[in-house]
Q: 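Let me begin by handing over the structure; questions about it come next.
Predicted, not measured: the structure shown is a model, and the values here were computed from it. Throughout, numbering of the chain's residues begins at 1 and tracks the sequence.
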Amino acid sequence: MSGEMPQTETAAIVACTVSRDVQNFDLLIEDMEAALGETWGDLGFNETLAFFAQPEAETLEFIALAMDADDEANLAQMGEIITQAKLRDIKVILIAEEVSPAALHTLLRQGADEFIPYPLPERELQAAIDRLSTPEPEPVAPSNLHALQPDARREGAVIVCHGLAGGTGSTTLAVNLAWELAEMSTRKTPSVCLLDFDMQQGSVSTYLDLPRREIVMEMWSETEEMDADIFGQALLPFEEKLQVLTAPGDMIPLEFISVEDIERVVEMARSHFDFVIIDMPHTLVQWSETILQMAHVYFALIELDMRSAQNALRLKRALQSEGLPFDKLRFALNRAPKFTDLSGKSRVKRMAESLGISIDLQLPDGGKPITQSCDHGLPLATSNAKNPLRKEIAKLARSLHDLGASEAEAAA
């Protein structure tokens with residue numbers, strides 16, 4: 001061992017950092033000291049397996065396996081460390097700096113319990129330790145899951161909500177639009193599926209008070225083997241009318257998910273549901289083009305401010321430079337000015353003209369009840385049915401539902 005490890009009876013070692021050189025991760029050292037005081041130690045890669053066999057390792061609760069790009073050549077060794085730790089019921093927190101998605105994928109599949117990017121976000125290590133010490137929730141009874149038929153042949157409409165700046169309301173629109181469509185369905189089984197594709201900051205689970213489960217990450221890790229049963233197990237029901245795929249419990253790199261992963265999940269959802277609502281991350285990633293091409297309706301949410309205007313212009317340039325269908329976007333203005341606000345409506349018109357876009361949807365400002373609704377675990381139709389924003393979303397859902405019904409009749 002390369003660090004001082006107290007051997008007194010009152011200070012048993014409960015955790016160890018495992019790295020090529022822990023001095024390369026000074027923030028990790030600070031966080032370990034803050035969380036554990038003197039009850040942790042430091043191990044190098046080569047000495048970890050030998051230490052596991054020593055009596056001092058019997059009190060270990062977890063290891064913090066820290067790596068950077070230079071360590072990717074030692075994936076086999078780190079994988080063995082994870083395997084041996086799991087055999088001894090020792091939890092593994094993976095700390096990674098500038099490591100490729102493929103390497104992360106490999107180690108997470110080996111059994112790492114938590115992933116934290118380095119530099120560590122504030123208090124994230126403590127949060128990970130708290131999660132490791134929290135008992136696993138009781139498994140959801142199979143009767144609560146939507147049993148997907150393996151031979152389903154629906155061709156659901158894909159509706160995307162993409163906020164072009166923080167706080168523009170994309171998740172609020174996605175959640176409430178999905179619920180309104182679900183309420184309109186006459187099917188006995190759920191016909192609406194809500195997918196949270198914001199892998200790092202997705203909050204659909206918070207909006208609907210749903211747990212984030214490990215099975216979601218397992219599904220994303222092996223989409224090539226995904227079938228209707230696996231996909232159905234990853235979904236969670238909300239009020240038995242809406243099926244939800246939450247974001248993974250851990251913050252993972254957006255590049256961890258491939259274009260092929262996205263295609264498989266969206267096509268699986270389309271084959272089992274009439275409407276597939278997708279809440280997108282603000283950031284453009286390698287599979288953003290895939291979603292744009294698959295979408296039947298793509299809402300780009302903005303506000304009446306400079307940051308939204310600049311981001312809309314950036315997005316327009318990016319899509320047009322790649323020859324992608326920018327015209328497919330339907331711009332939705334959140335917190336739009338009231339009908340009597342002539343000055344505000346004039347600003348909206350100037351904004352659209354200057355950007356060369358059409359603002360197809362104007363969502364009213366629902367006020368403080370909207371910001372508070374995020375923590376209630378209920379859609380607006382239940383918590384604040386008379387709110388002007390809820391009424392506008394309900395109207396939008398009706399038009400989309402009627403359009404889907406007419407297209408289905410035409411296809412029949």
Side-chain angles (χ1 to χ4, degrees), residues 1-3 5 12-45 47-49 51-52 56-72 74-75 77-101 103-137 199-200 212-214 216-218 220-221 247-253 256:
M1 301 188 68
S2 59
M5 298 185 61
I13 298 301
V14 299
C16 282
T17 57
V18 177
S19 63
R20 174 167 40 86
D21 183 357
V22 74
Q23 297 302 321
N24 294 333
F25 301 91
D26 52 346
L27 294 179
L28 175 59
I29 296 174
E30 294 177 7
D31 285 2
M32 291 288 284
E33 290 177 347
L36 303 172
E38 297 183 350
T39 61
W40 68 281
D42 164 39
L43 294 167
F45 291 138
E47 56 194 342
T48 300
L49 296 180
F51 178 73
F52 282 166
E56 292 88 345
E58 294 179 0
T59 57
L60 276 184
E61 297 176 5
F62 73 89
I63 60 172
L65 181 60
M67 64 177 295
D68 57 25
D70 293 337
D71 297 316
E72 291 196 33
N74 298 322
L75 284 184
Q77 183 182 31
M78 286 184 281
E80 181 62 19
I81 290 173
I82 293 173
T83 299
Q84 293 301 319
K86 303 304 289 183
L87 288 175
R88 292 165 172 79
D89 199 26
I90 300 172
K91 303 291 187 180
V92 180
I93 299 177
L94 181 62
I95 314 289
E97 180 180 22
E98 298 182 354
V99 175
S100 70
L104 289 176
H105 180 90
T106 299
L107 296 179
L108 287 170
R109 290 189 64 179
Q110 288 285 123
D113 297 281
E114 294 277 346
F115 162 71
I116 306 176
Y118 189 89
L120 294 98
E122 186 176 358
R123 294 191 56 77
E124 187 60 31
L125 179 64
Q126 183 62 61
I129 295 173
D130 293 342
R131 288 193 294 269
L132 292 180
S133 61
T134 301
E136 290 289 331
M199 304 300 170
Q200 295 189 341
R212 298 176 188 247
R213 301 177 301 152
E214 291 295 329
V216 175
M217 189 63 200
E218 294 172 8
W220 280 116
S221 299
D250 295 327
M251 184 179 289
I252 63 174
F256 185 83

Q: Carefully, step by step, assess W220 and M199 under the rule side-chain contact (heavy atoms from CB on, under 4.5 Å).
A: CA-CA 11 Å; W220 280 116; M199 304 300 170; 3.5 Å; yes
Q: Does the side chain of L104 come within less than 4.5 Å of P253's, by heavy atoms?
A: yes
Q: Any chance you could measure L65, atom CG, to Q110, atom CD, to the nearest 0.5 Å?
A: 11.0 Å
Q: How long is the gap from CG on D130 to CD on Q126, to the nearest 0.5 Å?
A: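 Going from CG on D130 over to CD on Q126, the span is 4.5 Å.
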Q: Nearest heavy-atom pair of V18 and T48: which atoms, and what distance?
A: CG1-OG1, 3.3 Å
Q: Measure across A12 and T39 and return the closest heavy-atom pair with its distance rounded to 0.1 Å.
A: O-CB, 3.5 Å
Q: Is the backbone of I13 close enough, under 3.5 Å, to the side chain of T59 for a donor and an acceptor to pair up by distance?
A: yes
Q: Roughly how far apart are E114 CD and L132 CG, rounded to 0.5 Å?
A: 5.0 Å
Q: Which heavy-atom pair separates D250 from D113 by the least distance, and what is that distance?
A: OD2-O, 3.7 Å
Q: Specify the closest pair of heavy atoms between A247 and R212, including all atoms of both residues, with the distance to one decimal.
A: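 Taking A247 first and R212 second, the nearest heavy atoms are CB-NH1, 3.6 Å.
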Q: Check R213 with E218, please: is the shortest side-chain N to carboxylate O separation under 4.0 Å?
A: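 No, this pair does not count.
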Q: Is any side-chain heavy atom of Q200 closer than 4.5 Å to a side-chain heavy atom of F256?
A: no
Q: So which atom in A35 and which in I129 form the shortest heavy-atom distance, rounded to 0.1 Å?
A: CB-CD1, 3.9 Å
Q: Can you tell me if CG on D26 sees more than 12 non-hydrogen neighbours from other groups inside 6.0 Å?
A: yes
Q: Going by salt bridge (Lys or Arg N to Asp or Glu O under 4.0 Å), name the residues that satisfy it together with D31, two or more places apart in sequence or in a different chain.
A: none
Q: In Å, rounded to the nearest 0.5 Å, how long is the span from CZ of F52 to CG of L87?
A: 10.0 Å
Q: Apply the test side-chain contact (heavy atoms from CB on, under 4.5 Å) to residues N74 and R20: give CA-CA distance (whole Å), side-chain angles for both, the deciding distance (0.1 Å), then the verdict.
A: CA-CA 10 Å; N74 298 322; R20 174 167 40 86; 5.6 Å; no
Q: Quick check for you: to the nearest 0.5 Å, what is the distance between D68 atom CG and D70 atom CG?
A: 5.0 Å
Q: At what distance, to the nearest 0.5 angstrom, does CD1 of I82 lie from NZ of K86?
A: 9.0 Å
Q: How close do F45 and A66 get, heavy atom to heavy atom, and via which atoms?
A: CZ-O, 3.8 Å
Q: The test is side-chain contact (heavy atoms from CB on, under 4.5 Å); show your working for L60 and F51 and say whether it passes.
A: CA-CA 11 Å; L60 276 184; F51 178 73; 3.8 Å; yes
Q: Just list the side-chain donor-acceptor pairs under 3.5 Å for residues 93-100, sequence neighbours left out, or say none.
A:
{"unit_1": "S100", "atom_1": "OG", "unit_2": "E72", "atom_2": "OE1", "d": "3.0"}
{"unit_1": "S100", "atom_1": "OG", "unit_2": "A103", "atom_2": "N", "d": "3.2"}

Q: Would you say that more than 12 heavy atoms from the other residues, nucleotides or ligands in this model lie under 6.0 Å from the CZ of R123, or not?
A: no
Q: Could you go through the side-chain contact (heavy atoms from CB on, under 4.5 Å) check for L107 and V92 one step at a time?
A: CA-CA 10 Å; L107 296 179; V92 180; over 6 Å; no
Q: Angle between ring planes, F25 versus Y118, binned at 30° and 60°: parallel, tilted or perpendicular?
A: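 Ring orientation of F25 relative to Y118: perpendicular.
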